[in-house]
Q: 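So that we are looking at the same thing, I have put the structure below in structure tokens.
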Amino acid sequence: MSFPLLTATAALPAVGAIVTAAVPAKRRTAAKWLALLFSVATLAVAAVVAVRFDPTGDRYQLTESHAWIKDFGVRYELGVDGIGVALIALTALLIPFVILAGWHDADPQETGAESLGSFAAGRWRPTQGFFALILLVEAMVIISFEATDVFVFYIFFEAMLIPMYFLIGGFGDRAGPHGEKEAATQRSYAAVKFLLYNLVGGLIMLAAVIGLYVVAGNFSLQEIAAARANGSLEMATSTERWLFLGFFFAFAVKAPLWPLHTWLPNAMGEATAPVAVLITAVVDKVGTFAMLRFCLQLFPEASKWATPAILVLALISIVYGALLAVGQRDIKRLVAYASISHFGFIIMGIFAMTSQGQSGATLYMVNHGLSTAALMLVAGFLISRRGSRLIADYGGVQKVAPVLAGTFLIGGLATLSLPGLAPFVSEFLVLVGTFTRYPVIGIIATFGIVLAALYTLVLYQRTMTGPVKPSTEGIADLRVRELAVVVPLIGVLIFLGVYPKPLTELVNPAVKHTLSDVHKKDPKPEVEAAHK
């Protein structure tokens, strides 16, 4: 039997979480290095998966299948297509940077361990817990990208909420505009809101998963999709639509799509910057990925039926998120609302039902993860120096910390999809793919690009330019560890902006399979003859 690469990719961070959590309380530095080591090892295995994957080969590769709960037809089934490989690579790449960026975020004096009574005497290990939870989230996200059994996917789709709840509520940001007691209340509120929204979505999905089993008799994505394609499994129109809505609702909460988005600004605002990156650049991608893998593949007719309504919701997300980002006074909440706008572009690309739109949406998932990580982590470094998230508390930073300001600018320019940086390619493909089938939707969506330029440049102007405020005079420039976080991310953004071919070649075959699932072809361009 061949080596189970996919299992190893998810098992490494899970084992790392256990080992890191078991480190003695006084060995905090050792726990950090162990967590970083396991994350780098996971990246190495993910690189092997990417190298072993053949874009021109079978749709699902490196597959694993083992009986698990025979009485209910549940199997431990894993497999990856090009989209899954791209998102596994994104996750494995970002986690080492998240760990490095949060190197001191969970030290006892910064997390309030002294307020935990007897636990502060040595039994409470906040540093170990913080990094163990990050690795645990990584493991669950990766296996979600690999699972081809619907029940297995559901388990990890829901289970990742628990470590995220503790990362938001237990290790939240202390740089908010509140006192310590109020800050703790806000963190708790954000964590509970995150958990409740996603739990409701998950419970609705559970009902749909059970309904799918009643109709199909098993949970295997490949078997059900094949049966649907060859006509051996038929669903009543109403049944298919209800099941689709159950799955889509859970994914729209996770994504997040308007009007199910309201948990995200709270969660990102109250979390530390590395955890905010974990939320929007890693965990939320499971929602948009699942729309492609499960909604379109299992319920093709219902997906086409729901497309007009979903495109309208995506369009509202684009414009609404961007408008609210323009008016934000809090740096982290601005990035959160910008992400809502970007997720609108991703979902619009998926349901445009064109090869350009879906390729662009997949690239957008990757590129948004990279650009948001770069911007948010630099913003986190800035906030940690000043101790405030409010834009009004900054000014003239580029004169005292030019490298910090420069990297912040590049991250911001990537967020607004400047040509030459990776997000431009994905946003362009999404808009082209949408224009060809839904021109009015595509035209209105371009307004989001204008607003993105506005909120990004205004943010930079207010924080980095102008006279140096007394409160920012002592801000230090980026240190070596922080440069080790930011420089590689910027390098990847520039590389993929200039040469996106490695990603497009990886995801395009998977996109063609997805379009064939919903029996869609790209519309033929209408070319008016030059001479009659």
Side-chain angles (χ1 to χ4, degrees), residues 60 65 67-79 81 84 140 143-162 195-257 259-260 286-310 313 347 350-351 353 513-514 516-520:
Y60 292 106
S65 181
W68 185 15
I69 309 174
K70 292 183 179 180
D71 292 342
F72 295 99
V74 179
R75 297 184 63 83
Y76 176 76
E77 285 189 350
L78 305 180
D81 59 3
M140 292 177 176
I143 204 165
S144 297
F145 292 141
E146 298 171 344
T148 56
D149 183 281
V150 177
F151 189 79
V152 173
F153 170 83
Y154 173 78
I155 289 174
F156 291 100
F157 179 82
E158 285 293 275
M160 70 180 70
L161 302 180
I162 305 304
L195 188 63
L196 288 179
Y197 267 67
N198 285 274
L199 276 179
V200 170
L203 289 173
I204 293 174
M205 180 183 170
L206 177 60
V209 169
I210 295 171
L212 180 66
Y213 175 75
V214 171
V215 173
N218 65 78
F219 294 105
S220 173
L221 171 67
Q222 296 184 69
E223 289 182 18
I224 297 172
R228 301 232 52 201
N230 61 32
S232 60
L233 173 61
E234 295 183 359
M235 291 185 192
T237 300
S238 59
T239 300
E240 181 177 350
R241 290 178 179 179
W242 280 112
L243 293 178
F244 168 85
L245 289 174
F247 277 77
F248 181 80
F249 183 85
F251 303 152
V253 172
K254 184 85 78 179
L257 178 67
L260 306 171
V286 178
T288 46
F289 164 80
M291 291 178 190
L292 278 167
R293 171 164 283 190
F294 295 101
C295 287
L296 271 60
Q297 195 168 345
L298 293 175
F299 316 110
E301 296 306 318
S303 297
K304 290 187 285 188
W305 162 76
T307 287
I310 293 172
L313 294 178
I347 295 170
I350 291 172
F351 285 90
M353 301 292 184
H513 284 298
T514 303
S516 67
D517 290 333
V518 292
H519 312 293
K520 282 282 191 178

Q: For Ala302, does its backbone N or O pair with a side-chain atom of Glu240 as donor and acceptor, under 3.5 Å?
A: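 Pair found, side chain donor or acceptor close to backbone of Ala302.
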Q: When rounded to the nearest 0.5 angstrom, what distance separates CG in Asn198 from CE in Met160?
A: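 That separation rounds to 9.5 Å.
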Q: Of all the heavy-atom pairs spanning Leu78 and Ala147, show the shortest one and how long it is.
A: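 Looks like CD2-CA, 3.8 Å.
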Q: Can you tell me how far the CD atom of Gln297 sits from the OG1 atom of Thr514, to the nearest 0.5 Å?
A: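 Between Gln297 CD and Thr514 OG1, I get 7.0 Å after rounding to 0.5 Å.
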Q: How close do Val286 and Ser144 get, counting heavy atoms only, and between which atoms?
A: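 Smallest heavy-atom distance, with atoms named: CG1-CB, 4.1 Å.
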Q: In sequence, state the C-alpha distance, the side-chain angles, and the governing distance for Trp68 and Arg75, and then conclude on side-chain contact (heavy atoms from CB on, under 4.5 Å).
A: CA-CA 5 Å; Trp68 185 15; Arg75 297 184 63 83; 5.6 Å; no
Q: Do Ser303 side-chain atoms and Cys295 backbone N/O form a donor-acceptor pair below 3.5 Å?
A: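 Looks like yes, one N/O pair under 3.5 Å.
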Q: Ring-plane angle category for Phe251 and Phe157, please: parallel below 30°, perpendicular beyond 60°, tilted otherwise.
A: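 Geometry flag for Phe157 against Phe251: perpendicular rings.
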Q: Please confirm whether the backbone N or O of Val152 pairs with a side-chain atom of Tyr76, one donor and one acceptor, at under 3.5 Å?
A: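 Side chain of Tyr76 to backbone of Val152: no pair is present.
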Q: Do you know the tightest heavy-atom contact between Ala250 and Gly201?
A: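 Shortest heavy-atom contact: CB-O, 3.1 Å.
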Q: Do Val253 and Val200 have side-chain heavy atoms sitting under 4.5 Å apart?
A: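 SC-SC contact between Val253 and Val200 ruled out.
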Q: A side-chain contact here means heavy atoms from C-beta on lying under 4.5 Å apart; do Leu257 and Phe248 qualify?
A: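 Leu257 reaches Phe248 side chain to side chain.
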Q: Hey, mind stepping through Asp81 and Arg293 against side-chain contact (heavy atoms from CB on, under 4.5 Å) and telling me if it holds?
A: CA-CA 10 Å; Asp81 59 3; Arg293 171 164 283 190; 3.5 Å; yes
Q: Could you tell me whether the side chain of Trp305 reaches within less than 4.5 Å of the side chain of Thr237, counting heavy atoms only?
A: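 Side-chain contact under 4.5 Å: no.
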Q: Could you check Leu161 against Lys254 for side-chain contact (heavy atoms from CB on, under 4.5 Å), going step by step and ending with a plain yes or no?
A: CA-CA 10 Å; Leu161 302 180; Lys254 184 85 78 179; 3.4 Å; yes
Q: Among Ile210, Leu212, Val74, Asn218, which residue meets the side-chain contact (heavy atoms from CB on, under 4.5 Å) test with Phe151?
A: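 Only one option passes, and that is Val74.
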Q: Run the numbers on Ile347 and Met291 for side-chain contact (heavy atoms from CB on, under 4.5 Å), then give the verdict.
A: CA-CA 8 Å; Ile347 295 170; Met291 291 178 190; 3.9 Å; yes
Q: Can you check ring pair (Phe, Tyr, Trp, His ring centres under 6.0 Å) on Phe219 and Phe153, steps first, answer last?
A: CA-CA 10 Å; Phe219 294 105; Phe153 170 83; over 10 Å; no
